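Everything on this sheet refers to the single structure shown next.
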Amino acid sequence: MEIVIDNDDIIIKKLENFDPEHIFECGQAFRWDREEDGSYTVVAFNRVLNVLKVGEDVIFRNTNLEDFENIWKNYFDLNTEYKAIQETFNSDETMKKCIEYGDGIRILQQDEFETIISFMISANNRIPQIKKSIRLICEKYGNFIETYNNRDYYSFPTPSELSICKPEDLREHCRVGFRDERIYKVANMIENGEFPFYDLKNKTREEIRDTLITLPGIGEKIADCITLFGYDKKDSFPVDVWIKRVMETLYFGKEVKKKEVSDLGRDKFGKYAGVAQQYLFYYGRENKIGK
DNA sequence: TGCCAGGGGTTCA
DNA sequence: TGAACCCCTGGC
């Protein structure tokens, strides 16, 4: 990896399988803004970063080498060879087409607590609304980080910071609707040690999923999303209405039960089913497959 | 301008 | 298994 440092910019030359648009627009993260120059500003781990792809190079702005090495390298999963993952799908012509379309997608290594709350908010919700609720929660319960491109950025609250919330504030001020009590309960269960949040990290996909599902507001789909996006379990295959539609159109040729979709997804794509899911999602949503 | 359907899911009956 | 749930947007 060839790194060039230029003031507050870190430039990675010829960075393969990396496209900010595909990374952020495939439904795995909600704390980003698209800028006029086509770059993306993202806030994570108490930092604000701007990412721009220029030809084969990627420019990471508003950061330094130390943060790049300690935070962003891991956040963007740069130690994983996506080319090798893609090759495991080589025998699947349909998937090859999806990869061609969505190449550059990476599974972000996001904060566990933020991922839990964010995907609880995603239940029966739309992306703009999810982003708005999360932004309001950060502004109300997180801490100010900095102003970048005329926008104020706040950290995502810790379990402790969010545990002092009132359900009515979550509803009325943060616009989370019927998810208010659930979020309040989960933050407090974690803060009070009533949920083994800090023991989950080294468990298997199944163990994490089964534990998460015991929380209010977390069912199968959201538990699968959290294991994939918050715990880096790449064999997780979340099935939402988009994945169901895409798989029905591209693989089944008819309507099937949700369980059939998740079974086929994990059988077919194995230990990288979650990466395949992201290619399918991006391809399906951008092309409105099945709609 | 105003009404209404529906959404990347979970819960409860 | 199916209806209800809050908020917001888009279509008419």
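Quick note on labels: first sequence line is chain A, next is B, and so on, each numbered from 1. Since we're looking at a predicted model, the values are computed, not measured.
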Non-hydrogen atoms of A:Ser262 and A:Phe237 that approach each other most closely: CA-CD2, 4.1 Å
Nucleic acid footprint by protein, nucleotides 4-9 of chain C - heavy-atom cut-off 4.0 Å, B for base, S for sugar-phosphate alone: -BBSS-
Salt-bridge present (A:Arg209, A:Asp224; N to O < 4.0 Å): yes
Base-pair map of DNA chain B as dot-bracket, where | denotes pairing with a different strand and pairs are Watson-Crick or G-U under 3.5 Å: .||||||.|||||
Nearest-Å distance for atom pair CH2/P, residues A:Trp242 and B:dG6: 15 Å
Expected output: side-chain A:Asn188 to main-chain A:Ser163 donor-acceptor under 3.5 Å: yes
Residue mapping more 5' on DNA chain B - nearest nucleotide basis, A:Arg285 or A:Ile213: A:Arg285
C:dA3 versus B:dA5 - spacing of their P atoms, nearest Å: 14 Å
Touch class at under 4.0 angstrom, heavy-atom based, for A:Ile243 against every strand present: nothing
Sugar-phosphate only, base, or nothing, as touched by A:Leu215 at under 4.0 Å among non-hydrogen atoms: sugar-phosphate
A:Ile130 CD1 - B:dG7 C1' separation (whole Å): 10 Å
Sugar-phosphate only, base, or nothing, as touched by A:Gly27 at under 4.0 Å among non-hydrogen atoms: base
Gap between atoms CG and P, on A:Asp240 and B:dT10 respectively (whole Å): 10 Å
Between B:dT11 (P) and A:Lys185 (NZ): distance, integer Å: 10 Å
Lys/Arg N to Asp/Glu carboxylate O, A:Glu87 vs A:Lys83, below 4.0 Å: no
A:Asn74/A:Asn79 under side-chain hydrogen bond (donor to acceptor under 3.5 Å, both in side chains): CA gap, chis, key distance, verdict: CA-CA 7 Å; A:Asn74 181 57; A:Asn79 295 316; 5.3 Å; no
Lys/Arg N to Asp/Glu carboxylate O, A:Lys259 vs A:Asp263, below 4.0 Å: yes
Flag side-chain contact, heavy atom, 4.5 Å: A:Phe30 against A:Phe119: yes
Test: A:Arg151 and A:Glu35 ion pair at under 4.0 Å: yes
C:dC7 versus B:dT1 - spacing of their P atoms, nearest Å: 23 Å
C1' gap between B:dT11 and C:dC8, integer Å: 22 Å
Over 12 non-hydrogen atoms of neighbours within 6.0 angstrom of CD in A:Glu100: no
B:dT10 and C:dT9, which share atom name P, separated by this distance in whole Å: 24 Å
